[in-house]
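For reference, the structure discussed in these notes is given below.
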Amino acid sequence: MTVLEPAQSVSVPLRHVEAELSRQMKAMQKGEETPLHRSCMSNLVIFCDQADQAQEVARQVPEIVAAHRARVLLLIGEHGDETDSGVSASVLVRQLSSGRNHQSFSEQVTLRASGGGISKLPFAVRALLIGDLPINLWWRSLQPPPLAGPLLYDLAENAQQIIYDSLGWLEPTRAVAATYSWLEQFEQGLRGGRWRVASDLNWRRLKYWRRLIRQAFDEAAAPGAIASAAELLIEHGPHAVVQAWELVSWITSQFGWKVQAGKVQQGLELSWQFQAQHGPVRVRIRRLPQGIAQVLLLRLQCKIGDKEGAVVIRLEEDRRLVVEQEGVSASPRTANLQPQSSAELLARQLSDRDRDPVFAQSMAIAQELAKSVLD
Amino acid sequence: MTSVMTDSEKVIAHEVTKSLVPQSCQLVIFGGTGDLAWRKLLPAVYNLNVEGVLPSHFAVVCFGLPAEGATQVDLDEYIRKRAKEGIDRFSRRSLDESHFSDFARSLFFVQGSFNDTRAYELLKAKLDALDQQFGIPGSRVFYLAVPPQVVHLCVEHLKLAGMIRDPSDTTSFTRVIVEKPIGRDLASAREVVRVVGSAFAETQTYRIDHYLGKETVQNLLVLRFANSIFEPLWNEKHIDHVQITVAEEEGLAQYDAESGNMLSTRAGYYEGVGALRDMVQNHILQVLCVVAMEPPWSLAPEVVRDAKVGVLNCLRPLAPADVDKYVVRGQYIEGEVHGQRARGYRKEVRASFESMGRDLPPASVHSTTETFVGLKLFIDNWRWAGVPFYIRTGKRLPKRVSEVAIQFKNVPQVLFNSQPGRPLEPTVLSVRVQPEEGLSMRIASKLPGPKIRIYPVKMEFNYNSSFGNESPEAYERLLLDVMAGDATLFMRRDQVDAAWKFVMPILDRWEQSRVRDLPEYQCGTWGPIEAERIIESDGRAWRNL
């Protein structure tokens, strides 16, 4: 399903949004006899707190709705001037490609507020949600949800899923230290048979890394590697520290290592001392000055068989992961990555509402790691 | 036990399945210059005229006093101008000059006060003259679109003026339409019924509840009894609970969108009445009857009305302790509606009385009129044993929506529903009364892909998009029914009585408790937090609408 005709967004008073949506849909209806079909699997509420973010999201929306049809409520709440200028609305109906006998449309409502007006956004959202469909909140702000305050809770009051992206988070250490407790509190304690799940797109990005790590450290592929690990190094590009952190948390939880102490060299490196069954292991997350915002390399110094060596996994050209073994003669192995845009990533997450216990477990470890460097 | 239809009942059953035939008459609207006539009744008659379904011999006469400041000398022209404005603003069909002039030719005005005997003489003379002019056989439909305290005046004067025909008259008829509210408690409702009954026979009396004229409410009967899949499931074995919501965006007053100035207010009626009397006692209980009634054995009015009153008679009475537990009221405070700051109820009451130039009644200074009611009730019969009905209604809620939602029992906790704490979204059939009348069914579906992932999807039926034209307004249908003599969709006196009987323990308990402040909710939210309690304590939640 692709999005067809480019359409024009129309500004309307908030109370006329539904009427304008209907008007635009009618206007696009080609033949009177062709049934109109509002394509909608869920309500997608997106919150941005910067204009450039919002522009980027607006460009992504067609791709998102092509994969997961939703009524999109794009909220732009810019701080700064605290005067309340109210909430303004604009409406855009897009025609999706359709079958021979029907036409389908997706709806986007953009709501803008600034300063004191931001607190009005949840009220506007309540009036525009489509009943009976799941509500997803994409918290696109770089403000980490655990530190976001009441606005997030108001926007998420009936949401089944909140999706956030820890890539580029402000205050990453403090945010990671708060995430697990926040997850527990956010996902639990709802009454009346309701439930809610929080998902981090960064965790989803690590899917191929996790799959390949499992294979690369399999006892058959790298005998004795885990039992002899001495140092784990993870390198990442700018803004990807939390992604690296999540990967470390997952690996150490899988390998059964216990954190002993940690320290931080601001902007450069995080390091921890772990205790494994076979002895101490040093773990470092190093930020590279350049590169894409991703984990770029993982190197585990260890024995492979009875030889000193290392298992290295590196990202090549943003589309392939390469596994190499140092110190032994083995051909590198590669795994191609399915290139995934942020929009695609989000669209997939929208349909995936299962709570991932492994993520929760990893974030519990991440919290311990964060506390150890904050202490 | 089998029921045997008598010959006359067979005839009735046969008659009602035929298409409605409105009979020639004059529609006399008491309060013809009022808000209801302006917004609803005259636009409804105009639409019926456009559709060509009015009787061929027909006229409309508005009776009342012209609005203050009206200077029109020609009174018929005055009402035609006002009707035109109302149609232009409120009619579902846009104003068409040629249709309007056709309609206006049969629209007249008689000026007079409801307690002025002379005015009734003038009215009678005008009606008689119009009978001659339009070839109408003396039949009348009197629509009492007047405040409840005036009803007795109208009825007594109509009787005194000899304007009410005997129900046995076969050459012409007199019918009366009585608007809500019918009383403000059981005693006063009985008094209204008695007063009207002193002049009109029950067969001549049409107590209107416009909710029952809505297509979707009527479609509930069709849905239940014309489809083979629903009725077998329509009981306590398969239904987990039912939710009925009537949510209004508007508060007490209407404001100009540009200037924010108050245009009109319902404070004079609503303050001291509240949501329970305004919505629950009539509209919601009537809709509940249609949802919960047993299959009537025919569509004859009395058969359908018997089935409806059967539901009201089975409502479990609420003891004072039940009221505390199962009923929550609230009042809106300042909040946001459509991005605009909205006043709290008490402020709105004060401003309304100020704008009406009236003193604020002492009891309203610290008003405890509820603008929200949430409640749980049970229908104690075999069909509904143990099935809770959750009802909520309120003003200044986030959106205008009225619906009935039937939530079916969840599937067993095996296979796809095996995650504890993460139940699958249950199957819900939701019947939307307004806006966009229609119905939808939420079911679970597998997402495409290699894994089995369940996602709720919604199958929708929308009246407008399916049938290509807008549904008629409820008043259109109901006016036609009165002209045709079909009382199916109108409340019989025993229904009124039974509805008040259910509501009285709540009113009594509230009266007794004398609270100074009600639970509050911000404008633009779904009611007070206390409303969650009555449903969440059962492990259920109010629906996202």
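Within every chain, numbering begins at 1; the chains are lettered A, B, ... in the order of the sequence lines, protein sequences first and strands thereafter.
- A salt bridge is absent between A:R112 and A:E78; no separation between the charged side-chain nitrogens and carboxylate oxygens falls under 4.0 Å.
- Remark: side-chain polar atoms of A:D356 are paired, donor with acceptor, to backbone N or O of A:V358 under 3.5 angstrom.
- Options B:E425, B:R400, B:E249, B:E403 differ in how many heavy-atom pairs under 4.5 Å they form with chain A, and the most are formed by B:E425.
- For A:I135, the part sitting under 4.5 Å from any heavy atom of chain B is the side chain, from C-beta outward, and nothing else.
- Of the residues considered (A:P13, A:P134, A:P122), A:P134 shows the highest number of contacts with chain B, using heavy-atom pairs under 4.5 Å.
- In this structure, A:R210 contributes its side chain and A:W203 its backbone to a donor-acceptor pair below 3.5 Å.
- Heavy atoms closer than 4.5 Å to chain B are found in both the backbone and the side chain of A:D354.
- In this view, B:I443 and B:T427, B:M441, B:V457, B:M459 satisfy the side-chain contact (heavy atoms from CB on, under 4.5 Å) rule, not counting sequence neighbours.
- Chosen from B:K451, B:Q522, B:R341, B:E532, the residue pairing most often with chain A at heavy-atom distances under 4.5 Å is B:Q522.
- Ring geometry for A:Y153 against A:F186 counts as perpendicular: the plane angle is over 60°, on a 0 to 90° scale with 30° as the lower cut.
- Residue A:Q160 touches chain B through its side chain alone, counting heavy-atom pairs closer than 4.5 Å.
- Contact of B:S430 with chain A is made through the side chain alone, with heavy-atom distances under 4.5 Å.
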